[in-house]
Amino acid sequence: MEIIHISAECYPVAKAGGLGDVVGALPKYQAKAGHYAKVVMPMYETKFLHNNEFIEDFKGTIYLGNWELPYTIIKEKNNILGFDLYLVDIKGLLDRTGIYNYDDDTERFMAFQIAVMDWMNHWEHHPDIIHCHDHHTALIPFMMQHCYSFKNKLEKIPSILTIHNAQYQGWMGWNKSHYLPHYDTWKAGLLEWNNAINSLACGVKCAWRVTTVSQSYMQELSWNSNGLENLFTHEKDKCSGILNGIDVEVWNPKTDTFLEHHYNAKSVVVGKQRNKEELCKQFNLDANKPLIVFIGRLVEEKAADILPNIIVSCMYAMPDSMNFLILGSGDPHIEWQLKNLNNQFANHYHVEIGYNEALSHKMYAGADFLLMPSRVEPCGLNQMYAMCYGTVPIVRSTGGLQDTVIDMGDEGGYGIRFNHAAVGDVHHSVYRAITVFNDSKKMLEMCRTMMNIDHSWEKAVGNYINLYNSVIEK
Ligand code: ADP
Ligand code: GLC
């Protein structure tokens, strides 16, 4: 089966979060299962672009309103990712060092989607499936079916939309509707939600099938999806949840190229201790005390805004009992608050502001606990990486966290779960963590249980293939 993934991120080409990890892994494991998977994404100015060889595949021109934009499709030459990678180069719009957060993101991702459609419109064959990821690519199902220049060729190809995060929807005013290639205006209602063009809502209406990245999050969307609750309730028959896997070729403490001390479930005690000592030395922390880490975007969705109060509350109530190490970037106010604590709790606390792939691996390996108080967590990969590295997850019971972590108080449990993204709940969970840390037998038992859980992609690949087959047969 030929599957075309269209996405704004793909690890290791460009990653801002879990979307990148998923689009870097799912096609690889689909290819290993004998399918022909391709990824199409914007050409940003990233290290990957400059360190690898590309060949030109196609040149064309699109229009964004009256703006004429030449584009080039380049293809990675040596299949080093395990699938064909195509980058869309649109000079002046996509060729920047960052992925998101530019004022003209609407124009950038609109142009990207139109270029992908225009290019595919020139293909001589039809792929079996178009698989779009998140709002940056969610207008594609509409364009395939209702834009006059594409529909003859593309409307019969089944499209799937996977929602990795429904908080971000790609809203734009109707004054930008002229960016879309000429479309059947009778169908304008498909673009709209709450008096604006809403890319994600449009994708949910137009894609043949919609998936999200855990079953619990799928259910949550009907009562908590940033304004789209009624839409998800209405469209529930074509929606399903497929839990992400993790790429065990990248995330494996036995082989991780970012680690100096490798280990497996047998050597976990010594292996983790070595990684922990190194990390504690680097950040001047106390390696004899439990090390609790947070890795992620410093935004409300991740409940990063309560981190400063959690740290203050735990440090005062349980002095000298634990270390906190935080890695992340995001809201400047949260960054500032967290940085201010660096001096106040030196020797037991440190925050590193920024994005650092290598450090994140070292933290999964060296930490005793990983904290995820997320208000919204569609799947969450961090807790799965942590478990794979024998690090006990402390998570709020929501979305994918709820589907992947069993509380240590329950039968067969290995993690710590709490209900509210509130200082009190997290404080109590940290207390439970410190208590269990002193019970080395229980800690080892939990480590080994977690490290033996199968989080590989095979199961999810099978579920996606079944879903594709169900629409192809139609
Ligand atoms: P989300 O995609 O919502 O941010 P996920 O849990 O799915 O959350 O995935 C987050 C991914 O991004 C993980 O691979 C995590 O290690 C990584 N990550 C997040 N913030 C950072 C950071 N500051 N430095 C390095 N890696 C990070
Ligand atoms: C999103 C979600 C996260 C999920 C990731 C990959 O960024 O916030 O929970 O794990 O996508 O699907």
Side-chain angles (χ1 to χ4, degrees), residues 5 7-12 14-26 99-100 131-137 161-169 200 211-218 220-221 224-226 241-248 250-251 256 258 293-304 307 325-331 334-335 338 350-365 367 370-389 391 393 395-396 398-405 455 457 460 464:
H5 291 276
S7 169
E9 297 178 37
C10 172
Y11 178 80
K15 162 178 165 183
L19 169 64
D21 285 344
V22 170
V23 179
L26 172 60
I99 304 175
Y100 313 118
H131 193 150
C132 303
H133 297 266
D134 272 352
H135 75 84
H136 325 95
T137 62
L161 171 67
T162 293
I163 299 175
H164 298 261
N165 195 334
Q167 295 298 109
Y168 307 95
Q169 301 172 0
L200 194 72
T211 70
T212 187
V213 286
S214 71
Q215 284 177 356
S216 288
Y217 187 58
M218 188 75 257
E220 251 171 68
L221 289 173
N224 181 17
S225 50
N226 206 4
I242 299 181
L243 188 72
N244 288 329
I246 65 173
D247 189 346
V248 287
V250 179
W251 298 95
D256 190 324
F258 291 110
V293 301
F294 173 99
I295 302 166
R297 296 179 287 117
L298 300 176
V299 295
E300 276 190 24
E301 198 187 313
K302 302 283 179 194
L307 286 176
L325 177 59
I326 296 179
L327 168 64
S329 62
D331 182 330
I334 303 176
E335 290 184 359
L338 289 170
H350 184 81
V351 63
E352 273 292 290
I353 300 295
Y355 187 90
N356 188 332
E357 191 75 29
L359 177 58
S360 74
H361 286 244
K362 291 183 172 143
M363 287 169 68
Y364 290 115
L370 173 100
L371 175 63
M372 293 181 80
S374 311
R375 292 195 176 87
V376 181
E377 199 59 82
C379 174
L381 299 173
N382 296 20
Q383 82 282 12
M384 295 200 257
Y385 298 147
M387 291 190 257
C388 210
Y389 285 66
T391 301
V395 303
R396 186 169 99 80
T398 187
L401 298 175
Q402 180 172 318
D403 292 357
T404 52
V405 177
H455 291 291
W457 267 103
Y464 279 114

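Both counts, for ligands and for their atoms, begin at 1 and track the order of listing. Everything numeric in this text was worked out from a predicted model, so none of it was measured. Here, residue 1 is the first one in the sequence, and each next residue gets the next number.
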### Query
Of the choices S360, A386, G18, G296, which has the non-hydrogen atom that lies closest to atom 20 (N) of ligand 1?
G296
### Message
Heavy atoms only, cut-off 4.0 Å: how does Q383 contact ligand 1, side chain, backbone, both, or neither?
### Response
neither
### Task
Classify the side-chain pair D256/Y364 by whether it contains a donor and acceptor separated by less than 3.5 Å.
no
Is the shortest distance from a heavy atom of [X] to ligand 1 less than 4.0 Å?
{"X": "G354", "value": "yes"}
{"X": "Y11", "value": "no"}
{"X": "K15", "value": "yes"}
{"X": "H164", "value": "no"}
{"X": "C379", "value": "no"}

Any side-chain heavy-atom pair of [X] and [Y] under 4.5 Å:
{"X": "S7", "Y": "L19", "result": "yes"}
{"X": "K302", "Y": "F294", "result": "yes"}
{"X": "M387", "Y": "P393", "result": "yes"}
{"X": "Y11", "Y": "V250", "result": "yes"}
{"X": "M384", "Y": "W251", "result": "no"}
{"X": "Y385", "Y": "T391", "result": "no"}
{"X": "Y217", "Y": "D403", "result": "no"}
{"X": "L370", "Y": "I295", "result": "yes"}

### Task
Evaluate whether atom CD of E335 has more than 12 neighbouring non-hydrogen atoms of other residues, nucleotides or ligands under 6.0 angstrom away.
yes
What is the closest protein heavy atom to [atom], and at what distance does it sit?
{"atom": "atom 8 (O) of ligand 1", "result": "K302 NZ, 3.2 Å"}
{"atom": "atom 4 (O) of ligand 1", "result": "R297 NE, 2.9 Å"}
{"atom": "atom 18 (N) of ligand 1", "result": "Y355 CE1, 3.9 Å"}
{"atom": "atom 24 (N) of ligand 1", "result": "N356 N, 2.9 Å"}
{"atom": "atom 14 (O) of ligand 1", "result": "D21 OD2, 2.6 Å"}
{"atom": "atom 13 (C) of ligand 1", "result": "N382 OD1, 3.3 Å"}

For [X], take its heavy atoms, then give the atoms of ligand 1 lying under 4.0 Å from any of them.
{"X": "Y364", "result": "15 (C), 16 (O)"}
{"X": "G328", "result": "23 (N)"}
{"X": "Y385", "result": "13 (C), 14 (O)"}

### Message
Under the rule for side chain to side chain donor-acceptor pair (under 3.5 Å), what residues qualify as partners of Q383, not counting sequence neighbours?
### Response
T404
For a distance cut-off of 3.5 Å, show me each N or O of ligand 2 paired with any protein N or O, plus the separation.
unit_1	atom_1	unit_2	atom_2	d
ligand 2	9 (O)	E377	OE2	2.4
ligand 2	9 (O)	P378	N	3.4
ligand 2	9 (O)	C379	N	3.0
ligand 2	9 (O)	G380	N	2.9
ligand 2	10 (O)	G380	N	2.8
ligand 2	11 (O)	H164	O	3.4
ligand 2	12 (O)	H164	ND1	2.7
ligand 2	12 (O)	N244	ND2	2.8

Test your reading of the model: is there a side-chain donor-acceptor pair from [X] to the backbone of [Y], 3.5 Å cut-off?
{"X": "E377", "Y": "M372", "result": "no"}
{"X": "R297", "Y": "G330", "result": "no"}
{"X": "D134", "Y": "N165", "result": "yes"}

### Query
Any N or O on L381 sitting closer than 3.5 Å to an N or O of ligand 1?
yes
